Engineer: 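My questions will all concern the structure given below.
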Amino acid sequence: METAFLFIFLFGFLFLGVPIAISLGLSAVLYIALFSHDSMSSVAVQLFNASQNFTLLAIPFFILASSFMSTGGVARRIIRFSIDAVGWIRGGLAIAAVFACMLFAALSGSSPATVVAIGTIAIAGMRQAGYTKEFAAGVIANAGTLGILIPPSIVMVVYAAATNVSVGRMFFAGVIPGLIAGLMLMTAIYIMARIKKLPAQPWAGSKELWSSLSQAAVGLFLMVIILGGIYLGIFTPTEAAAVAAVYAGLIALFVYRDMGPLSGIGWINEGDSPLALTGFKAITYAFVAMLTWSAIAKLATERAFFGLDSIIVLIAALVAYPLLRGGLSPAALPAAYGAGGKVWGRNLGLIAWKFFPAMVHKDTKKVLTDSSKTTIMLMFIIVNALLFAHTLTAEQIPQVITDWMVEAGFNWFTFLLAVNIILLIGGQFMEPSGLLLIVAPVVFPIGLELGVDPIHLGILMVVNMEIGMITPPIGLNLFVTSGITGMSLVQVVKAAAPFVLVLLLFLVIVTYVPALSTFLPYYFMGPEIITR
């Protein structure tokens, strides 16, 4: 009976409007003080131990990377590429918006950031093309939820910290479900587009598609850095997050130049000749081709990163591009390389000159400040939630619930159904990370006892968090979409409802086809081993 007071304290505080972090920590402290055999000093010890969790170090870095990549230029380039790739299909602009959300999700790890960055541009574009505001808002609200399913995902890091499973395995586990969820939303849009006779964009052509891809590629390479680095064993997920933050900052400040002292200064000036432009592109593409070939060769043969074949690829690309694409004669190659080298030299000199001013620029300070606020808020919730989880474990509450469920005849099928119901209801009233941190420590040991794979359980919980973000009254994506469209919350809820049904069907598939979640992590990293 005493254990019931822990949850009475928690939900009582939440009902009174106490912030979730304080509700978690205060309920744990009150329970320890009134009912537990633990001393109050254990509170300080657990708070200190929770703050020392190495996995949690990935969160501020992913938040910082998301903040840098949420600049308008990154989203604009991704949307342009998405429209060129799939815009020619019936309902193509809406399908392109989903595709853009999937790509941006692989950079940000945040659902609200995905809605804001992509929705601000995509909804306006759909409205101009003849789509209704309600349809556009419904598409973006739902597609934005992919931000926490497609890796890297901050919510996955939170689950890994709460249950001590591998962040890398969670990232790999989200790839196939994320692709399937995106494809299901695209299919639903296509069917609705055929019924409503929504317009299709004209085919942009392969040249335009290549141009938009090349502009978006620098930002999209971030997902290769994270997953590729983890898979190749170059760095841990936490180190990958740090690398991603640095890369995102350098890209935003010095490559895309959407912020900072170089904002508005292009790589190519109006005074640069066509010969200089051809030479500049030849040098750029040659080095990209060499690095890509070297990475693929190392992955396939496990040889040294650079070899003689890498040099051959570099030279071949240097010669082939100006001859085949630039239309230059062999005699003009030296002049093209010289002119292109001057463009590179000018830009590298400009980057070196503005490097330190960029580090203290007001735009950089704003990104760092906003990231710090988000990090502090989330980490405060997590640390208090881990104290709550410690109290649960110390009082053996999960074990008691496990024994009761086993005696009641629960199996893995009915257990997963119960978890879905709990999370779908809870997701309507609580923020995803907070709800996950409350539920995960309770259901995790039960799932292990009933033979549920811990990685599969994690993806299941993330999908439930997705749906919770687009269901009233506390669905965060609904509020964000309402803010960027000017629609009322009720209007956004009605607009999102048809696509929520698609995600509910997707939830059923993910729940009872565990191979969708476990295939990639098993293949690349082996099964998760839990030491009791």
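Only a predicted model underlies this, so the values are computations on that prediction, with no experimental measurement involved. Note that these values count all heavy atoms, side chains included, but never hydrogens, waters or copies made by symmetry. The chain is numbered in sequence order, starting from 1.
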Engineer: Considering only residues two or more places apart or on different chains, which pairs with a residue in residues 150-179 satisfy ring-ring contact (aromatic ring centres under 6.0 Å, His included)?
Structural biologist: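 Checked against ring-ring contact (aromatic ring centres under 6.0 Å, His included) - neighbours excluded - the pairs reaching residues 150-179 are F62-F171, F172-F524.
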Engineer: Under the ring pair (Phe, Tyr, Trp, His ring centres under 6.0 Å) test, which residues partner F479, sequence neighbours left out?
Structural biologist: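 F479: no ring pair (Phe, Tyr, Trp, His ring centres under 6.0 Å) contacts found.
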Engineer: Take atom CH2 in W210; do more than 12 heavy atoms of anything else shown fall under 6.0 Å from it?
Structural biologist: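 Result for CH2/W210: open.
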Engineer: At their closest point, which heavy atom of L103 faces which heavy atom of M223, and how far apart are they?
Structural biologist: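 Looking at all heavy atoms of both residues, the shortest contact is O-CE, 4.1 Å.
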Engineer: Could you walk me through whether F355 and L253 pass the side chain to side chain contact (heavy atoms under 4.5 Å, CB included) test, one step at a time?
Structural biologist: CA-CA 9 Å; F355 184 83; L253 289 167; over 6 Å; no
Engineer: Holding to side-chain contact (heavy atoms from CB on, under 4.5 Å), I want the full list of residues that pass it with L183, two or more places apart in sequence or in another chain.
Structural biologist: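 L183: side-chain contact (heavy atoms from CB on, under 4.5 Å) contacts with M186.
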Engineer: Using modelled atom types and a 3.5 Å cut-off, is there a donor and acceptor pairing between side-chain atoms of R169 and backbone atoms of M525?
Structural biologist: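 At least one qualifying donor-acceptor pair exists.
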Engineer: A495 and E134: which non-hydrogen atoms are nearest, and at how many Å?
Structural biologist: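 It is CB-O, 3.0 Å.
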Engineer: Here's a test for you: under side-chain contact (heavy atoms from CB on, under 4.5 Å), which of I154, L64, T374 qualifies with I59?
Structural biologist: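 Considering I154, L64, T374, a side-chain contact (heavy atoms from CB on, under 4.5 Å) with I59 is found only for I154.
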Engineer: Show your reasoning for whether side chain to side chain contact (heavy atoms under 4.5 Å, CB included) applies to L149 and V155.
Structural biologist: CA-CA 8 Å; L149 179 60; V155 174; over 6 Å; no
Engineer: Please confirm whether the backbone N or O of A97 pairs with a side-chain atom of S82, one donor and one acceptor, at under 3.5 Å?
Structural biologist: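 Checked: no pair found.
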Engineer: Can you sort out the partners of S517 under side chain to side chain donor-acceptor pair (under 3.5 Å), two or more places apart, ordered by chain and number?
Structural biologist: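 None.
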Engineer: Are M469 and I148 close enough that some pair of their side-chain heavy atoms sits under 4.5 Å apart?
Structural biologist: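 Touching, per the 4.5 Å side-chain cut-off.
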Engineer: How far does CZ of R76 sit from CD1 of I118, to the nearest 0.5 angstrom?
Structural biologist: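 One gets 11.5 Å once the value is rounded to the nearest 0.5 Å.
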Engineer: Tell me every residue that passes side chain to side chain donor-acceptor pair (under 3.5 Å) with K366, counting only those two or more places apart in sequence or in another chain.
Structural biologist: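 Side chain to side chain donor-acceptor pair (under 3.5 Å) list for K366, sorted by chain: D370.
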Engineer: Can you name the side-chain contact (heavy atoms from CB on, under 4.5 Å) partners of T369, sequence neighbours left out?
Structural biologist: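 So T369 forms a side-chain contact (heavy atoms from CB on, under 4.5 Å) with K373.
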Engineer: Which atom pair, heavy atoms only, marks the closest approach of F135 to I189?
Structural biologist: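 Result for this residue pair: CZ-CG2, 4.2 Å.
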Engineer: Would you confirm whether T364, through its side chain, and M359, through its main-chain N or O, come within 3.5 Å as a donor-acceptor pair?
Structural biologist: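 Side chain of T364 to backbone of M359: no pair is present.
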Engineer: Let me see the working for D258 and R77 under side chain to side chain contact (heavy atoms under 4.5 Å, CB included), right down to the final yes or no.
Structural biologist: CA-CA 11 Å; D258 300 312; R77 292 174 178 89; 3.4 Å; yes
Engineer: Give me the atom names and distance for the closest heavy-atom approach of L516 to I176.
Structural biologist: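 Smallest heavy-atom distance, with atoms named: O-CB, 3.5 Å.
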Engineer: Applying side chain to side chain donor-acceptor pair (under 3.5 Å), can you list everything that pairs with T481, at least two apart in sequence or on another chain?
Structural biologist: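 Side chain to side chain donor-acceptor pair (under 3.5 Å) list for T481, sorted by chain: empty.
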Engineer: Using side chain to side chain contact (heavy atoms under 4.5 Å, CB included), reason through I470 and L503 one step at a time and then give a plain yes or no.
Structural biologist: CA-CA 10 Å; I470 47 175; L503 291 182; 3.5 Å; yes
Engineer: Please round to the nearest 0.5 Å and tell me the distance separating atom CD1 of I89 and atom CZ of R194.
Structural biologist: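 Going from CD1 on I89 over to CZ on R194, the span is 11.5 Å.
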Engineer: Measuring from L222:CG to F104:CZ, what's the distance to the nearest 0.5 Å?
Structural biologist: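 Rounded to the nearest 0.5 Å, the CG-CZ separation comes out at 10.0 Å.
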Engineer: Where is the tightest heavy-atom contact between H456 and V510, given as atom of each residue plus distance?
Structural biologist: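 Reported closest heavy-atom pair: NE2-O, 3.0 Å.
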Engineer: Is there a side chain to side chain donor-acceptor pair (under 3.5 Å) between T518 and D453? Walk through the geometry before answering.
Structural biologist: CA-CA 8 Å; T518 58; D453 185 274; 5.9 Å; no
Engineer: Identify, with sequence neighbours excluded, every residue that meets side-chain contact (heavy atoms from CB on, under 4.5 Å) alongside P237.
Structural biologist: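 Per chain and number, P237 pairs via side-chain contact (heavy atoms from CB on, under 4.5 Å) with V167, I230.
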Engineer: Could you tell me the separation between the OG atom of S67 and the CG atom of L368, rounded to the nearest 0.5 Å?
Structural biologist: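 If I round to the nearest 0.5 Å, the distance is 8.5 Å.
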Engineer: Output all residues satisfying side chain to side chain donor-acceptor pair (under 3.5 Å) with W267, sequence neighbours left out; order by chain, then residue number.
Structural biologist: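 Testing W267 for side chain to side chain donor-acceptor pair (under 3.5 Å), a comparison that skips the adjacent residues, returns none.
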Engineer: Name all residues meeting the salt bridge (Lys or Arg N to Asp or Glu O under 4.0 Å) criterion together with R257; count only those two or more places apart in sequence or in a different chain, and write none if there are none.
Structural biologist: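 Result, salt bridge (Lys or Arg N to Asp or Glu O under 4.0 Å) vs R257: none returned.
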Engineer: Could you tell me which residues satisfy side-chain contact (heavy atoms from CB on, under 4.5 Å) with N420, sequence neighbours excluded, listed by chain and number?
Structural biologist: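 Only L460, N464, L507, T511 meet the side-chain contact (heavy atoms from CB on, under 4.5 Å) criterion with N420.
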Engineer: Using atom types as modelled and distance alone, determine if a side-chain donor or acceptor of T120 lies under 3.5 Å from a backbone N or O of A117.
Structural biologist: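 No, T120 side chain to A117 backbone: no donor-acceptor pair under 3.5 Å.
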Engineer: For residues E208 and R80, determine if any side-chain heavy atom of one lies less than 4.5 Å from a side-chain heavy atom of the other.
Structural biologist: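 Yes, close enough: below the 4.5 Å cut-off.
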Engineer: Show every salt bridge (charged side-chain N to carboxylate O under 4.0 Å, His left out) that has at least one partner inside residues 175-191, sequence neighbours left out.
Structural biologist: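 Residue pairs passing salt bridge (charged side-chain N to carboxylate O under 4.0 Å, His left out), neighbours aside: none found.
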